[in-house]
Amino acid sequence: MQVEFHGAAGEVTGSMHLVLAAGRRVLLDCGMLQGRRELEAQNAAPFPFEPASLDALVLSHAHIDHIGRVPLLVARGFRGPIWLQQATAELLPVMLEDAASLAESDAARANRHLDPGQPPQQPLFTRQDVASVLPLLRPLDYDARATILPGIELTLRDAGHILGSSIVELWATEEGASRKLVFSGDLGPRGTPILRDPAVIEEAALVVMESTYGDRNHRDRQATVDELGEVFEHAWRERGNVLIPAFAVGRSQELLYWFARHWDAWNLARWRIFLDSPMAGRVVQVYDHHHALFDEQAQAVWRQRPSPFRLPNLHITASTEESMAINSIRSGAIVIAGSGMANGGRILHHLRHRLGRRETHVVFVGYQAEGTLGRRLVERAPWVRIHGQDHRVNAQIHTVGGLSAHADQQGLIEWYGHFRGAPPLVLVHGEDRAREALAGEIGARLGAQVSLARPGMRRTV
């Protein structure tokens, strides 16, 4: 068995790893690069392998940086099965159709301002491309072991990152000998609301692990939740609004969970709460199908009143007109909108209208990749560019890091520490500073041989 690393190998987005085993070629994830303009431009480049040569694709979860290039893969010749967890199979079309719609809108906007002779911009993929993906999906339940190709078996374990997120166990048998690869996907922290803790795995010949927060530990989650309540109180006293860039799958649901838990303490009945996302209603339906994947405490919260998705003052806005109307609300609105890194989606329109106002509070609740608007704002840039125009930042910017959906350094070390015999470890899905810090800690504490993945690097299992 060999693994080639082609994405998220020195950066956080674009997860894509090719496994060659038992005479077959299996791709793990096919994610979109996100961040700097020149980085995102690489999404349209040819794949570093022939898509038609792949025998199968395994997806760890439904975030765009793990699935966002799947429509391109299919459009360019891939016809094999796509293996993924049941909830991920329901979320995938929601996520990809939204991404296609945004790409089509961005291309249309750019083409309205073409210089003479300039070729029109094409979307990365279209909704028709997404439709071609769906017949290839092969959903699996957690913990079921399936033969996906001759000589290759697969099991998906709960990663605790978002609904349906999976740790991938892949066995390859050749000439009577079996070798096992474990790919962490994105690991959630222990004790995350709604989701169960990441599954413990003890055996592997090689471990490929994410390292997003490999150089830091999160704040206590309760302290972060308390801070969120303080932001709401402060914004109410200033007669302002609160903007929360958040991914439509994962973070948005957790925020609504905390709103339900602290409904009375935060006096949330006085606010108008908007989940401003055309896909939000569909995501809510997927969550409602999968209560069995929730932890026990979340199941209890969903039974209480008000439940997270049925807050009496929650408005899930689907149409563009409904979203635009939010900008006429002078004060008293909490707006959750994508994207989580403020590099696209409806949050850009709200930021464009509100960043110049001192009474606006912008709350970042997740990782902000280098080159994104979110990163510029959390680094306190005085001016930012949105839709080709510069905007002064007078709004108050808050970073509440304790709500991350990723395990921190200690959580990553603890998860890897369950493997017997300290198998070789390759770190992906992290900037070099984070990976280097994590590699040093794991090497010193556990005696593991740790490598940092680079594009094109190959490891033999």
Side-chain angles (χ1 to χ4, degrees), residues 3 5-17 28-29 31-36 39 60-61 63-66 159-162 165 167 182-190 192 198 206-221 224 247 250-251 340-343 364-372 374-379 399-417 419 422 424-455 457 459:
V3 187
F5 300 94
H6 295 293
E11 54 211 0
V12 173
T13 61
S15 180
M16 188 165 60
H17 318 296
L28 303 180
D29 283 350
M32 189 181 292
L33 292 157
Q34 296 174 303
R36 304 182 307 278
L39 186 67
S60 64
H61 65 284
H63 274 152
I64 287 295
D65 61 325
H66 292 257
H161 172 64
I162 65 170
S165 60
I167 301 162
V182 173
F183 169 45
S184 72
D186 285 356
L187 295 170
R190 291 179 60 82
T192 298
L206 178 71
V207 178
V208 177
M209 186 174 76
E210 70 120 319
S211 54
T212 309
Y213 285 102
D215 60 343
R216 71 196 80 172
N217 289 315
H218 300 318
R219 289 183 61 195
D220 174 75
R221 209 170 197 94
T224 298
F247 293 112
R251 207 64 47 82
M341 298 182 193
N343 59 331
F364 287 95
V365 294
Y367 182 82
Q368 304 301 307
E370 184 180 351
T372 60
R375 183 74 158 250
R376 291 269 293 150
L377 288 171
V378 300
E379 290 177 347
T399 303
V400 290
L403 295 185
S404 175
H406 288 268
D408 60 10
Q409 183 188 80
Q410 187 58 37
L412 293 168
I413 293 171
E414 289 178 358
W415 183 80
Y416 173 78
F419 286 96
L425 173 66
V426 180
L427 296 180
V428 296
H429 207 282
E431 295 176 359
D432 280 349
R433 181 178 62 183
R435 298 196 301 168
E436 289 164 1
L438 182 59
E441 289 293 332
I442 289 179
R445 295 193 205 183
L446 302 174
Q449 174 193 341
V450 187
S451 303
L452 309 185
R454 299 292 178 196
M457 188 178 94
R459 282 296 305 269

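Worth saying up front: this structure is predicted, and the values here are computed from it rather than measured.
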>> Show the nearest heavy-atom pair for residues Arg454 and Gly10, with the distance to one decimal.
In response: NH1-CA, 4.3 Å

>> Please report the interatomic distance CG(Leu187) to CD(Glu414), rounded to the nearest 0.5 Å.
In response: 12.0 Å

> Under 4.5 Å between any side-chain heavy atoms of Ile64 and Gln34, yes or no?
Replying inline: yes

> Is the backbone N or O of Val365 less than 3.5 Å from a side-chain atom of Arg251, with the two atoms forming a donor-acceptor pair by type?
Replying inline: yes

> Looking only at side chains, do Asp186 and His66 share a donor and an acceptor under 3.5 Å apart?
Replying inline: yes

>> I'd like to know whether Phe183 forms a side-chain contact (heavy atoms from CB on, under 4.5 Å) with Val3, so could you lay out the CA-CA distance, the side-chain angles of the two residues, the decisive distance to 0.1 Å, and finally the verdict.
In response: CA-CA 11 Å; Phe183 169 45; Val3 187; over 6 Å; no

> Which distance, rounded to the nearest 0.5 Å, do you find between the CD of Gln368 and the CZ of Arg376?
Replying inline: 13.5 Å

> Can you name the salt bridge (Lys or Arg N to Asp or Glu O under 4.0 Å) partners of Arg445, sequence neighbours left out?
Replying inline: Glu441

>> On a heavy-atom basis, which atom in Thr13 and which in Leu33 lie closest, and how many Å separate them?
In response: OG1-CA, 3.5 Å

> Can you name the closest pair of heavy atoms from Ala159 and Ser184 and give their distance?
Replying inline: CB-O, 4.2 Å

>> For Arg375, give me all partners under salt bridge (Lys or Arg N to Asp or Glu O under 4.0 Å), at least two apart in sequence or on another chain.
In response: Glu379, Glu431

> Would a 4.5 Å heavy-atom cut-off, applied to side chains only, mark Phe5 and Arg459 as touching?
Replying inline: yes

>> So which atom in Pro189 and which in Pro198 form the shortest heavy-atom distance, rounded to 0.1 Å?
In response: O-CD, 4.3 Å

> Taking all atoms of both residues into account, what is the closest heavy-atom pair of Tyr416 and Ala448, and its distance?
Replying inline: OH-CB, 3.3 Å

>> For the residue pair His63 / His161, report whether a side-chain donor-acceptor contact shorter than 3.5 Å exists.
In response: yes

> Given Leu438, which of Gln409, Arg216, Glu210 fulfils the side-chain contact (heavy atoms from CB on, under 4.5 Å) condition?
Replying inline: Gln409

> Roughly how far, to the nearest 0.5 Å, is CG of Leu377 from OG1 of Thr399?
Replying inline: 9.5 Å

> Any chance the side chains of Ser15 and Asp29 put a donor and an acceptor closer than 3.5 Å?
Replying inline: yes

> Can you name the residues that form a salt bridge (Lys or Arg N to Asp or Glu O under 4.0 Å) with Asp408, not counting sequence neighbours?
Replying inline: none

>> Could you measure the distance from the CG atom of Leu446 to the CZ atom of Phe419? Nearest 0.5 Å is fine.
In response: 12.0 Å

> CZ of Arg219 to OG of Ser404: how many Å apart, nearest 0.5 Å?
Replying inline: 13.0 Å

> Quick one: does Asp65's side chain get under 4.5 Å of His429's, heavy atoms only?
Replying inline: yes

>> Quick one, Val450 with Leu427, criterion side-chain contact (heavy atoms from CB on, under 4.5 Å). Give me CA distance, side-chain angles, the key distance, then yes/no.
In response: CA-CA 7 Å; Val450 187; Leu427 296 180; 3.8 Å; yes

> Roughly how far, to the nearest 0.5 Å, is the CH2 atom of Trp415 from the CE atom of Met209?
Replying inline: 7.0 Å

> Between Met457 and Leu452, does a side-chain contact (heavy atoms from CB on, under 4.5 Å) hold up when you go through it step by step?
Replying inline: CA-CA 9 Å; Met457 188 178 94; Leu452 309 185; over 6 Å; no

>> For a 4.5 angstrom cut-off between non-hydrogen side-chain atoms, does Gln410 reach Asn217?
In response: yes

>> Please evaluate residues Val208 and Val182 with respect to the criterion side-chain contact (heavy atoms from CB on, under 4.5 Å), reporting the C-alpha separation (whole Å), side-chain torsions for both, the decisive distance (0.1 Å), and the verdict.
In response: CA-CA 6 Å; Val208 177; Val182 173; over 6 Å; no

>> Minimum heavy-atom separation for Gly430 and Ser211, please, with both atom names.
In response: CA-OG, 3.5 Å

